[in-house]
Every structure is written in structure tokens, then in C-alpha cells.
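Everything below concerns the one structure shown next.
No hydrogens, no waters, no symmetry mates; every other heavy atom, side chains included, goes into these values. All ligand and atom numbering here is 1-based and tracks the order in the structure. Owing to the predicted nature of the structure, the values given are computational and were not obtained by experimental measurement. Count residues from 1 along the sequence.
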Amino acid sequence: MYKYWGTLFAALVVMASCKDDKKEELPEDLTEMTIEEPVNTQYGFDFDAYEVVHDTVRSGDSFGELMLKNHVDYPKIVTISEKFRDTFDVRKIKVGKPYVILKSKDSVAKAQIFIYQNDKINYTVVDMRDSVVAYRDKKPVRFIEKQVAGTIKSSLSQTLDSLGVDYVMTIKLSEVYAWTIDFFRLNEGDKFKLIYDERYINDTIYAGSGPIKAAYFEHKGRPIYAFPFVSDSLKQIEDYYDQDANNLRSTFLKAPIKFGYRISSRYNLKRRIAYYGYKVRPHKGTDYAAPIGTPIIATADGTVTESRRRGGNGKYVKIKHNGTYSTQYLHMKAQKVKAGEFVRQGDVIGWVGMTGNTGGPHVCYRFWKNGKQVDPLREKLPTAEALKDSLKTEYFNYIKPLRAQLDSLEAGSGEQEELITFNDTNGTTQN
Ligand SMILES: [Zn+2]
């Protein structure tokens, strides 16, 4: 563990000093620093000084037996299992996990050090050379920045797969854009660009991908950038924002009309209407009364699934926002969008009218959740905070180079490039 400090410290110093030119300078400097260590240093130990046994925990194995077999005396094993429970709980070693035993090179071949690999990056050391010491540590992880650009041919996952990108990035990308793009309705020809990290241990062992450092998605010809940004440094809340600093995890607007409306009728399943002889006529929408011609806006990003005239609904528009939510806007004077069109939150989709079954000019706003109409005023909707104005300058400065990097990528070229960055920081893979 201690032998890494030199390397880590060097890496940190170098990172700080040549941020602008990390590609060229870092590898050389690092090599120089690591040369002084013994050639076969692993986990902070000189493996050449020991007899090394690599194995994996098998069904029925116990730490105690493994150690007894390797000539560790019983009291020491008891000490380990009792004293270091927080660091290394011997009862919790898992079948299939790799471990290393470093044994003395003499005739006794007594276990000196036990290294348990919690996951690809994290490991636990039980050092039994003198009085027992147990600690956890991490392998130095190298982040390799990847950039990839592509055009959707069939599905996002197939396209990313054909470019050699880990499937986990499909999930991450669809999470970033979950509120903006319906990934089940992607169009052939939609383009994307992606900058992310791949993690490697000892430069060779792949240890996962992500997070997304910057993304670009062109859906139906409309570009949407995505950049992660911490909006609340105290709570460390990170969200993805677009090129205009809009939160991509956009929640719904409160109303489909910007201003100058009043709610004339709320969602009410037990509504009785005099006209129908006071029979129950459920009202599954919220009515926003406003003058004819008032613009009606989309309450969230989505794809228009219907734009037509039918019966009592009159002229209406229905928008699918994601796998869960759709919204519908009735009695329009006229629609401004067609089915299949992609709209963003706040876009005008039509104008208030009196088409269909209505006594006065209003828009009946209907909110669908998993195919059922619910009351949006009572629904617990996902919240998304807008970026504070005070942070916007910082945000735009932060995204400038990332955006330039994305813009320099040729979407659709199918090329994948690597930019190597050295960050001997710790990985986060969990077992
Ligand atoms: Zn209504």
C-alpha cells in the first residue's frame, strides 16, 4: 500500500501541472516514477520475494482452513477473525472470488500475506508477517477517455455494440436522455456522439465504462447535448444539462398554457353534470380556460403520437414523453404539430379553441400514466431543479471545451477514437 504513494503522488502532481497536454507528457513521467519500484510489485508487495499462490475461493473453503493449510498458527487465525471483522470478515468470503497467498520462500512455506480480491479494483490485505494487520486498498485505475460517434441503424444498443461500446453505456445514455428522447422510437438516421471513460487496472484489465462526460443526440434532426454538472455542491447533486443549461431530467410544466388561464374544472372521477341529469360523468382532465387562440405548449419533451380531430375531443394532440407518461391536449382551434414530430418542453403545439364537446374556450389537459389517466395536480412527479442563474457562467465555461470536442467528432463516421488520460485515482466498481 505504502509503496504506491510515490506513484500516486507523482500522478497527482503531473495531473495538476500538465492538464493541457496530458496526452503527451503523462505517460513518460509516470514511467520514470515507477521504474524505482521492484519490477514485480503487485498490491504493494514484491512478488518475487515470495512463493505466490493464486487461487479462487471454492465451495466449502473457509479462511481458517486455508490458513491452517498454509501453516498459520491457530491463535493468529482467531485474532484475524475477531479483531478485523470491520475490515475483513472471514465469514463473508465468497465462492469464486480470487485471492493470493504470499508464502515464505523457505522450506516451511508459511503464509505471510493473504490478499482477497473484493472486486476487480478493491482488495483486502491480511498481513501476518509480524503482528497481524488488515486493510483494504484499491488497485490504481487508469481511465482511458473514449469518444465515439455513430448513426442509429436499428437500435441504440445494436449500434453501440457494433462500435465496440460496452452495453452499460446504452443504459447510461438512455438514462441521461430518458426525459428527452423516447429510445423505443428512435429513427434510423438519428445521430449520437459520446465522450466517456473506460477503466483499466494495470493498463490491461477492463474494469467498466462510464460515466458519460458529454453526449450529443440528434433526434429527428434536433440536436440535444448533455453535460453532467453538479448543481448543488453541498448535496453533490449532479444532473445532466443541455446546451442551453436546461435540466435534461425535465419534469412537467405545471400547465399547458404559459399564463392568462384559470382552472375551470379539475380532474374529478365523481363529477355530476346537470345537463346529463346529474349522472356521474367522470372528468379525467384538467380544464384550463383561456381566450381562443392562446398558445398551448407541450408540458415536457416527447414525441407526438396523435394529432387529429375526433368526436367530443375535437382537435387534439397527444404526446408520449417516455415509457410511463403521455399527455393529451383537447378542443384545440388548430394543431401546430403532426404525429411523429418530436417536441421539446415549452414548444407551442396548438391553440386554444372550442372544437368537440365544450361549452367555452379551454384546453382539457389529460395526463396519462402507464396507459391510465391520472390527476397531474395530485401526482407525485419527478422533480428536476433548474440550474441556478448564478451557476450558469460556470456551466457554460465548463461545457465549452467538451462541446468543441463533441463538435469535432464526425457523427455517423462510425469511428471510435481513444484519448488516453492518466488518472491514478480510485475506481468505484463494487462487487
Ligand atoms: Zn376537460
Anything protein N, O or S sitting under 2.8 Å from the Zn ion (ligand 1): count it and give me the total.
3
Tell me the closest heavy-atom pair linking [X] and [Y], and the distance in Å.
X: Val363; Y: Pro256; value: CG1-CG, 4.1 Å
X: Thr355; Y: Met332; value: OG1-O, 2.7 Å
X: Val317; Y: Ser307; value: CG2-OG, 4.0 Å
X: Trp351; Y: Gln335; value: CZ3-O, 4.0 Å

Does the Lys NZ or Arg CZ of Arg378 fall within the cation-pi geometry relative to Tyr267 - under 6.0 Å from the ring centre and within 45° of the axis?
no
Just how far is it from atom CZ of Phe367 to atom OG1 of Thr286, taken to the nearest 0.5 Å?
10.0 Å
